[in-house]
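Right, one structure below, let's go through it.
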Amino acid sequence: MQRHLSGDDPGMTTEGGPPLGRYYDVAGRRLLLHRSGSGSPAVVFLPGGGAVGLDYLNVQERAARLTTSVIYDRAGTGWSDWVELPRSSAEVTGELRELLRTAGVPSPYLLVGHSLGGFYARHYAHRFPAAVSGGTPEALLREEIDGKRRLYTALAESVSQGENRLVDGVGHVTLHLRRPHAVAQAIQDLLARIGG
């Protein structure tokens with residue numbers, strides 16, 4: 001059962017508390033957010049798919065020495081309330097926007113996303129560009145793509161018959177969903193090359 005704490009932020013709720021941070025009510029769900037430090041822009045960490053906000057506590061604390069720093073758990077992860085999955089990126093980014101507003105964390109934000117969190121960070125920047133600091137979404141995306149291309153090419157070249165095949169318009173998380181024919185073609189090509 002959720003209850004509001006009298007005299008505190010009306011968006012904040014409590015129930016059994018998390019090890020760190022506070023719960024905020026967003027669209028009827030309790031979401032965990034931990035904030036420390038002060039200054040602008042606020043650094044907001046967006047965890048990867050298998051991670052929770054507290055996984056980034058070590059770097060969040062370092063960022064808090066420089067400016068406001070935030071970690072949080074998306075609905076359905078960590079200490080935040082359960083939600084049915086899958087969810088759209090629009091749902092996740094809208095939820096984050098409302099959570100930051102409810103928690104009183106003013107923009108601009110420097111979004112630091114890991115893996116799936118990076119996808120959400122890019123989508124947030126595209127949806128709410130006036131709220132984001134640290135470069136244009138296109139420039140950030142290009143840097144990420146170029147860095148991944150170099151890494152994946154080096155990994156592929158480190159094994160016999162290795163290949164890094166680039167497929168436009170998809171990320172590493174969505175390739176098999178958005179371009180299944182490209183995955184099948186790569187397998188077919190590799191089988192032909194090795195005589196399978």
Side-chain angles (χ1 to χ4, degrees), residues 5 8-9 11-14 16-26 29-81 83 87 89 92-152 154-155 171-173:
L5 297 176
D8 285 334
D9 178 354
M12 187 179 72
T13 60
T14 185
L20 189 66
R22 297 173 158 181
Y23 288 121
Y24 292 88
D25 186 292
V26 174
R29 291 188 190 99
R30 293 178 319 148
L31 301 181
L32 175 68
L33 180 140
H34 172 65
R35 171 185 179 173
S36 55
S38 63
S40 182
V43 175
V44 180
F45 291 89
L46 290 83
V52 298
L54 289 174
D55 291 334
Y56 302 88
L57 184 61
N58 63 331
V59 290
Q60 187 268 344
E61 289 174 335
R62 288 179 182 217
R65 295 179 201 152
L66 307 171
T67 190
T68 301
S69 183
V70 173
I71 52 176
Y72 84 107
D73 290 338
R74 289 184 296 274
T77 68
W79 290 84
S80 289
D81 280 350
V83 65
R87 300 176 70 206
S89 181
V92 172
T93 55
E95 172 187 272
L96 176 57
R97 183 181 198 201
E98 183 62 19
L99 174 60
L100 293 169
R101 186 199 64 75
T102 301
V105 181
S107 64
Y109 307 118
L110 177 62
L111 303 175
V112 179
H114 169 248
S115 192
L116 180 60
F119 172 76
Y120 292 140
R122 286 193 309 271
H123 191 214
Y124 191 102
H126 280 285
R127 287 186 72 195
F128 315 113
V132 176
S133 179
T136 64
E138 293 80 16
L140 295 174
L141 179 58
R142 179 57 45 209
E143 288 177 28
E144 180 178 342
I145 289 170
D146 291 344
K148 284 182 179 179
R149 180 176 295 137
R150 289 189 303 273
L151 172 65
Y152 296 156
L155 289 172
H172 72 280
V173 175

(request) Taking atom CZ of Arg62 as the centre, report whether more than 12 heavy atoms of other residues, nucleotides or ligands fall under 6.0 Å from it. (result)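 Atom CZ in Arg62 is not packed in, count stays at 12 or less.
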(request) Flag yes if more than 12 heavy atoms outside Arg127 fall under 6.0 Å of its CZ atom; otherwise flag no. (result)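 Atom CZ in Arg127 is crowded, with more than 12 foreign heavy atoms closer than 6.0 Å.
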If I take atom [atom1] from residue [X] and atom [atom2] from residue [Y], how far apart are they, to the nearest 0.5 angstrom?
X	Y	atom1	atom2	result
Leu110	Thr68	CG	OG1	11.5 Å
Leu54	Gln60	CG	CD	9.0 Å
Leu33	Leu99	CG	CG	5.0 Å

(request) Please check if the side chain of Arg35 supplies one atom and the backbone of Gly104 the other of a donor-acceptor pair under 3.5 Å. (result)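 Such a contact is found between Arg35 side chain and Gly104 backbone.
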[Y] and [X], any side-chain heavy atoms less than 4.5 Å apart:
X	Y	result
Leu96	Tyr120	no
Val52	Pro47	no
Ser80	Tyr72	no

(request) With sequence neighbours left out, write down each residue that passes ring-ring contact (aromatic ring centres under 6.0 Å, His included) with Tyr124, or none if nothing qualifies. (result)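 Checked Tyr124 against ring-ring contact (aromatic ring centres under 6.0 Å, His included); matches are Phe128.
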(request) Looking only at non-hydrogen atoms, find the nearest pair between Val59 and Phe45 and report the distance. (result)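 Looking at all heavy atoms of both residues, the closest pair is CG2-CE2, 3.6 Å.
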(request) Quick one: closest heavy-atom pair of Val26 and Glu95, and the distance? (result)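 Nearest heavy atoms, Val26 then Glu95: CG1-O, 4.1 Å.
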(request) Apply the salt bridge (charged side-chain N to carboxylate O under 4.0 Å, His left out) test between Arg30 and each candidate in Asp81, Asp25, Asp73; give the one that qualifies. (result)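 It is Asp81; the other options fail the test.
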